[in-house]
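Letters A, B, ... mirror the listed sequences (proteins, then strands); counts begin at 1.
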Amino acid sequence: MKTEHYRILEKSKITDFLDKLNTISKVAAPVYKGFNNYAFQTIKSAEEVSLKYIPTVIPPKKYFLPTNESLLEFSLGNELKVEPTVEYENLILFGVHTCDIAGIRCLNMVLSDKPKDTAYLIRKKHITIIGLECNDYCDEFASCAFVGAHLPTTGYDLMFTELEDYFIVHIHSSKGSDIIEKTGLFKPAQTISMEELKALREKKSAIFNNEIPTERRYLPDLFDRSFNASIWKELEQKCLSCGNCTAVCPTCYCFDIKENVDLSLKVGERYRVWFSCQLDPFAKVAGGIDFRRERSARQRHRFYRKFRYHIDRYGMVFCTGCGRCSRTCMAGIKLKEVLTSLIRESEAKIWRKWL
Amino acid sequence: MSKPKVAFFDFACCEGCQLQVANIGEPLLDVLDIVQIVEFREVMSEKWNGDFDVAFVEGSITDEHAVERIKKIRERSKILVALGSCATIGGVNGMKNSFDLEEVGKYVYGESYKFFPTLHTKAVHQVVPVDYFINGCPIYQPEFLTVLKCILQGIPYYVPEYPVCVECKLNENVCMYDRGVTCMGPVTKAGCNSWCINNGNICYGCRGLTINPNTEGLKEVLKNYKIPEDFLIKKIEMYNKCKEFDKS
Ligand code: SF4
Ligand code: SF4
Ligand code: SF4
Ligand code: SF4
Ligand code: SF4
């Protein structure tokens, strides 16, 4: 932690800061929607912003990978004309929690792998991420400490951490330091602030305890033993296949491709929309065969997709612990409980082997 | 090339879906550029004696006259489209099937009920083959245009088989269950872009059950939210009673 990479912002100046940010470019930030729900929305003024919030209904992923995104435009005149399209604009995301930053890191990994998702990569360049560290759990659904997403590591331009009477801000990119300069509200950090930051992190390590009774490094073994675990059958009864858990997950990136023509039937666009492995048509192929008809198989796939497959391919766990899937599931399927059940069942099996 | 000839017909229904078509606004002019409407009782008095390229049929089939009439329309149409919940799934007319037909007749027509013979309500595809389905009570205008374009391009239209929740989440609505209200979204076919929830209402389930609904699971959910089970059954029967004729 180098002091020269840190700045101080008085708490009373946060409104000024947000309003100035809004003059630099479009700003999206967490806004309260009622009934303990929040959403990232473009803001007109600082008052709309909730500095204290639980993870938004859908993650800020929506700015990187729009729910509905045009891919190409075509016209079917005498000759076929096809023009790829990329929709992007300069945007500052303010108040992104570390779990959601981890989510964007997961997307970066996959979408810059071959075949590169060019539209995503272009859009990403135009988005500035200003993080906001959590000093306490958002609620009981979070499991960010298990995956190490409760602390800022990388993947942001600026990171705001709230201390007693000011914010300490980590500058992590030139885009970030530009904002510090343009807004002109920050003071350099002193040694004392650095010590206060350190003290906060120590306090956090007492608050944030691993929420799952195992360690991350045991996940591959655990999942290799769990393909036929009884919990999948239980989920078969409970799950409604509504797809909410995948719609809200910051690390899901599956999409469906569709086409739309105008009423002349000559001009149109090809676009993609978010899609999900929990939904009936997802694994259906010609002839009506469905490779994953049972809800149990779909739920199992979801968990393997978060905790097993990507460890082999990318060396990363694809869960950020944000808790959205558990929060949104009206059937009460909770990620922490599912993992705990897998652990208990697999422990019992190992013991039986030894006895 | 002459424009495809299009006609609209209604059976047991409220004609609200045809009204949705008539009220579609500006795109209607573009529609009229590419099709020729030859019969549409709600907006014009002309009739057509020849064949149709596309017939849109609103309403469910509830008596022998209707059976004969829909068969004739089918014979005269290259493509037949079921328009709205009454036509696609039987809709609210299906509630009749929960009662004894004689009892129903007496309730409506009194002692002269014998002059008005009636049948169990059926959706259009339960009587004649249907090529395209436009669900909804009433239909969702953008979906009508999408289906129309599919028909004119000669490609199929797939009614989404997943639930309304999918669209609702992408619209980032506050879930009705968070507000403490029951919503039929989790077991109802999508395609309306979660129209009602976007406007502050629950989903009534008007587009019919998804292909593979976990109704037992939903009963458990309702138990957790302390909502009586028979409330759900009534909501499902409101639109889906005719589903039992699909099983054959
Ligand atoms: S949110 Fe719950 S009920 Fe819906 S698909 Fe996911 S696990 Fe199943
Ligand atoms: S699986 Fe659940 S907790 Fe993990 S990142 Fe996705 S929504 Fe968040
Ligand atoms: S899951 Fe962790 S990092 Fe994410 S909002 Fe909750 S406490 Fe913050
Ligand atoms: S409001 Fe209804 S449709 Fe929307 S997510 Fe909740 S249950 Fe599903
Ligand atoms: S939200 Fe539900 S009730 Fe409303 S139009 Fe859609 S399916 Fe019908």
Quick one: is the NZ or CZ of Arg298(A) closer than 6.0 Å to the six-membered ring centre of Tyr304(A), and within 45° of its axis? no
Between Tyr158(B) and chain A, with a heavy-atom cut-off of 4.5 Å, which part of the residue counts as in contact: side chain, backbone, both or neither? neither
Region of Phe282(A) in contact with chain B, defined by heavy-atom distances below 4.5 Å: neither
Angle class for the Phe144(B)/Phe56(B) ring planes (parallel below 30°, perpendicular above 60°, tilted otherwise)? tilted
Please state whether the side chain, the backbone, both or neither of Thr246(A) comes within less than 4.5 Å of a heavy atom of chain B. neither
So what's closer than 4.5 Å to chain B heavy atoms on Glu236(A): side chain, backbone, both or neither? backbone
I need the single residue from Lys233(A), Gln278(A), Glu294(A) that forms a side-chain hydrogen bond (donor to acceptor under 3.5 Å, both in side chains) with Gln299(A). Which is it? Gln278(A)
For Arg293(A), is it the side chain, the backbone, both, or neither that has a heavy atom closer than 4.5 Å to a heavy atom of chain B? both
Considering only heavy atoms, which portion of Leu265(A) lies under 4.5 Å from any heavy atom of chain B: side chain, backbone, both, or neither? side chain
Option in Thr210(B), Thr215(B), Val174(B) with maximal non-hydrogen atom pairs under 4.5 Å from chain A: Val174(B)
Could you go step by step and tell me if Asp100(A) and Arg324(A) meet the salt bridge (Lys or Arg N to Asp or Glu O under 4.0 Å) rule? CA-CA 11 Å; Asp100(A) 281 344; Arg324(A) 282 188 178 87; 2.8 Å; yes
So for Asp262(A), is it side chain, backbone, both, or neither that comes closer than 4.5 Å to the heavy atoms of chain B? backbone
With no hydrogens and no angle check, do the side chains of Asp178(B) and Asn36(A) hold a donor and an acceptor under 3.5 Å apart? no
Gln18(B) and side-chain hydrogen bond (donor to acceptor under 3.5 Å, both in side chains): which single residue from Glu58(B), Glu42(B), Arg41(B) fits? Glu58(B)
